[in-house]
Amino acid sequence: MQVPPLHPEASVPTSRPTPHRRSASTGAVIAVALAAGLLAPAQSASAEGTGVRIHDIQGTTRISPLAGHQVKDVPGIVTAVKAFGPARGFWFQDPNPDDNPATSEGIFVFTGSTTPAVAAGDSVLVSGTVGEYYPGGQDAGLQSVTQLTKAAWTVQSSGNALPAAVKLRPSAVPARYAPDVHGSIEKLPLKPDRYALDYFESLEGMRVSVDNAPVVGPTNPHNELWVTADPRHDRTARGGTLYGSYRDPNSARVKVASLIPFKQRPFPVANVGDELTGTTAGPLDYDNFGGYTLQATELGTLADHKLARESTRKQKNDELAVATYNLENLSPKAPQAKFDRLAGALVHNLAAPDIVALEEVQDDDGATDDGVVDAGQTLKKLTDAIAAAGGPAYQWRQINPVNDQDGGQPGGNIRTAFLFNPARVSFTDTPGGDSTTPVRVLREGGKAKLSASPGRVQPADAAWKTSRKPLAGQFTFRGKDVFVVANHFNSKGGDQGLDSRIQPPARTSEVQRNQQARIVNTFVKQLLAVDKNANVIVAGDLNDYQFSSALKTLTSGGVLTDQVGRLPKKERYGYVYQGNSQVLDHILTSRHISRPDYDIVHINAEFADQASDHDPQVLRWKP
């Protein structure tokens, strides 16, 4: 990446800069310009001297009142240049703001694949067409970015001081995220003192800053991380921000990217709980990979707070340990290092559980879509790595899916599978299980028994279309039967983001998860109807929160207890997304399983260096 050298930046105030003048309303400016013929639709020739300024273009809603019009000689100071990628351009900002907190004073000038010949500190007059860019396309539901396209500009002078950045701080960012209008918010007047999304929108394109920012989302492969401007709000025990309800999405989260050339300043490799000390500043952008983004021209110094990976205790001889672990598209094509890290975690961090419900086990040729569905090589490579790490000689059980019918990465044929330690637990092998035959609950001597073990739960039901089918297995530990159902519910793909222009955002994928949860709940009820004291464990990546309707459906009738709810509040997470520490994986137990010891083992989600994007979980109890 090549970015022109940045000029020294002005000092950062603690609030929006004091206006130097009062401007006429946007509507008045537009009316005068149109009446005088100085403002034209995009298809017409524009005229000299429209008198339009950036805040007139931005307006008081998310949609510019000048969208589709050409503007001429809009003044401002270049604050940053994006000189890489297919969406290049620059931000410029009016150094003389109006007195309306709802109107932004900054805007992005899109130049396509051409690097603009400007530098930060240039005083420019910009002409171009006003437009609204929807990241991901208008149907994605995200907010738009007001920008200038087909632009031309003149540089009047260089080396000017940059407009002072607006400091993001707890007292400035409203706690309430957005109005619940059950529809689009993009044409509503902005209320930056009331809603966080309105506050950020009122600063779109402007220079903002955050001081001594706690890292709440680790550095990702795209060199981005998440910070919070409210260090005291809903923090986890290890320094993240806890997502504990739909009502509170932690409004002060902001993504940080960098415009500084990598050779000049490598992007910090940060874990959750670290801190960007000093000032991080740059224009406020918005994109389809994480909402409002501070495009840094100045990066704080990384303070490494030495976040440690956790290890859980070893189960006692009379305790059964059952774990769940999403392996994130594991196939033989993955580097040996990934197998070694996953194996080391199972042996050492998870203390070699007796049973492991695995998710995202791919077939033997990974994402190559050639009809291969067997995963024997994948599981052998994993169990060999476990043995090499000093672990037990795990065996596995699984059922191959129908090719390309279980969703996930095309050609990968991900599925759930069981590992178990035969020195500690026995698997009850009952033939008859295949990809399409549903497992049934039988009665034998007053006890519950599976018609097939392993067997799939209602695999032909429409609820499992392009989604993984639950795998049920019957185990024996110290003479007691234990039924485990491994799950991987359908993903949140297609749901609108928290920062969607539709509020509250639509969660369309939730419908299918509710159907899936109902099927698993019914299956558990069938087991308990035969034997009310049956030991049943439902585990896996359910792709939903402990407070979601899917989990309420799964636990309905009191047949299952979600162990997440028994943890201290600050420990209820095992996945980090857009700076929110949240729950997607669960272990649930039937009522006969009393006083289990449950632990989410934090080894992945909070770290830039991950073997998987999920943290594993383990449950121990004495049957």
Side-chain angles (χ1 to χ4, degrees), residues 215 217-225 238-240 269-274 304 306-312 321-353 355-364 366-367 375 377-392 394 396 408-409 412 414-419 468 486 488 491 539-541 543 573-577 581-587 599-618:
V215 175
T219 302
N220 64 29
H222 305 289
N223 288 325
E224 302 164 336
L225 57 80
R238 289 163 58 87
V269 180
N271 299 324
V272 168
D274 290 345
D304 184 352
K306 308 297 183 183
L307 187 71
R309 287 180 163 85
E310 292 184 336
S311 295
T312 197
V322 179
T324 181
Y325 199 175
N326 184 314
L327 304 182
E328 193 181 10
N329 288 318
L330 184 67
S331 83
K333 291 184 177 180
Q336 182 62 42
K338 177 169 181 171
F339 282 90
D340 293 343
R341 288 189 60 186
L342 292 171
L346 285 163
V347 174
H348 303 295
N349 301 88
L350 290 179
I355 302 170
V356 187
L358 301 175
E359 300 87 51
E360 294 201 19
V361 175
Q362 288 196 346
D363 63 34
D364 291 339
Q377 294 178 30
T378 306
L379 290 165
K380 184 179 188 304
K381 194 170 182 179
L382 177 62
T383 53
D384 285 349
I386 291 171
Y394 279 115
W396 71 80
Q409 193 174 27
I414 57 173
R415 83 289 308 274
T416 57
F418 293 122
L419 296 185
R468 284 64 56 186
H488 187 185
S491 77
D541 177 5
N543 266 315
Y573 67 95
Y575 191 81
V576 179
Y577 181 68
S581 295
Q582 57 196 247
V583 173
L584 293 182
D585 306 82
H586 301 255
I587 297 180
D599 191 8
I600 300 176
V601 186
H602 302 296
I603 60 175
N604 287 319
E606 299 169 304
F607 296 88
D609 178 20
Q610 302 176 343
S612 168
D613 50 351
H614 293 250
D615 287 332
Q617 306 180 1
V618 63

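Both backbone and side-chain heavy atoms feed into the values below; hydrogens, waters and symmetry mates do not.
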Does the side chain of Phe339 reach to within under 4.5 Å of the side chain of Leu330, using non-hydrogen atoms? yes
Any idea which heavy atoms bring Pro218 and Gln610 closest together, and the distance? CG-NE2, 4.3 Å
Please tell me whether Asn329 and Gln362 have a donor and an acceptor in their side chains that are separated by less than 3.5 angstrom. yes
For Asp615 and Ile603, indicate whether the former's side chain and the latter's backbone hold a donor-acceptor pair under 3.5 Å. yes
Roughly how far, to the nearest 0.5 Å, is OG of Ser491 from CG of Asn543? 6.0 Å
With a 4.5 Å cut-off on side-chain heavy atoms, are Asp609 and Arg341 touching? yes
Compute whether any side-chain donor of one residue and acceptor of the other, for Asp599 and Thr312, lie under 3.5 angstrom apart. yes
How far apart are the C-alpha atoms of Tyr573 and His602, what are their side-chain angles, what is the distance that settles it, and do they pass the ring-ring contact (aromatic ring centres under 6.0 Å, His included) test? CA-CA 9 Å; Tyr573 67 95; His602 302 296; 4.2 Å; yes
Side chain to side chain donor-acceptor pair (under 3.5 Å), that's the test. Do Asn271 and Glu606 meet it? Break it down for me. CA-CA 6 Å; Asn271 299 324; Glu606 299 169 304; over 6 Å; no
Please round to the nearest 0.5 Å and tell me the distance separating atom CD of Glu310 and atom CD1 of Ile600. 9.5 Å
Asn604 side-chain N/O to His614 backbone N/O, donor-acceptor pair under 3.5 Å: yes
Does one side chain, of Glu359 or Thr324, offer a donor that lies under 3.5 Å from an acceptor on the other? yes
Contact check, side chains of Leu307 and Phe607, non-hydrogen atoms, under 4.5 Å: yes
Exercise: identify the closest heavy-atom pair between His348 and Ala389: NE2-O, 3.4 Å
Asp613 and Val576: side chain to side chain contact (heavy atoms under 4.5 Å, CB included), yes or no, with the steps? CA-CA 8 Å; Asp613 50 351; Val576 179; over 6 Å; no
Salt bridge (charged side-chain N to carboxylate O under 4.0 Å, His left out) between Lys381 and Asp364: does it pass, once the steps are laid out? CA-CA 10 Å; Lys381 194 170 182 179; Asp364 291 339; over 6 Å; no
Spell out, as yes or no, whether a donor-acceptor pair under 3.5 Å connects the side chain of Arg415 to the backbone of Val361. yes
So, Tyr325 versus Gln617: side-chain donor-acceptor pair below 3.5 Å or not? no
Hits for side-chain contact (heavy atoms from CB on, under 4.5 Å) against Val322, two or more places apart or cross-chain, chain-then-number order -> Leu320, Ile355, Ile537
Considering non-hydrogen atoms only, spot the tightest contact between Asp340 and Ala385 and give its length. OD1-CB, 4.0 Å
Nearest heavy-atom neighbours spanning Ala321 and Val618: CB-CG2, 4.3 Å
Not counting sequence neighbours, which residues clear side-chain contact (heavy atoms from CB on, under 4.5 Å) with Asp384? List them please. Lys380
How long is the span from the CG atom in Leu419 to the CD1 atom in Ile386, to the nearest 0.5 Å? 5.5 Å
Closest approach of Ala486 and Phe418, non-hydrogen atoms and distance? CB-CE2, 3.8 Å
Quick one: pull up CG in Leu342 and CD in Glu328 and give me the separation to the nearest 0.5 Å. 9.5 Å
Distance in Å, Leu358 CG paired with Leu327 CG, rounded so as to fall on 0.5 Å steps: 5.0 Å
To the nearest 0.5 angstrom, please state how far the OG atom of Ser612 sits from the NZ atom of Lys338. 6.0 Å
Smallest separation among heavy atoms of Ala608 and Val269, with atom names: CB-CG1, 3.8 Å
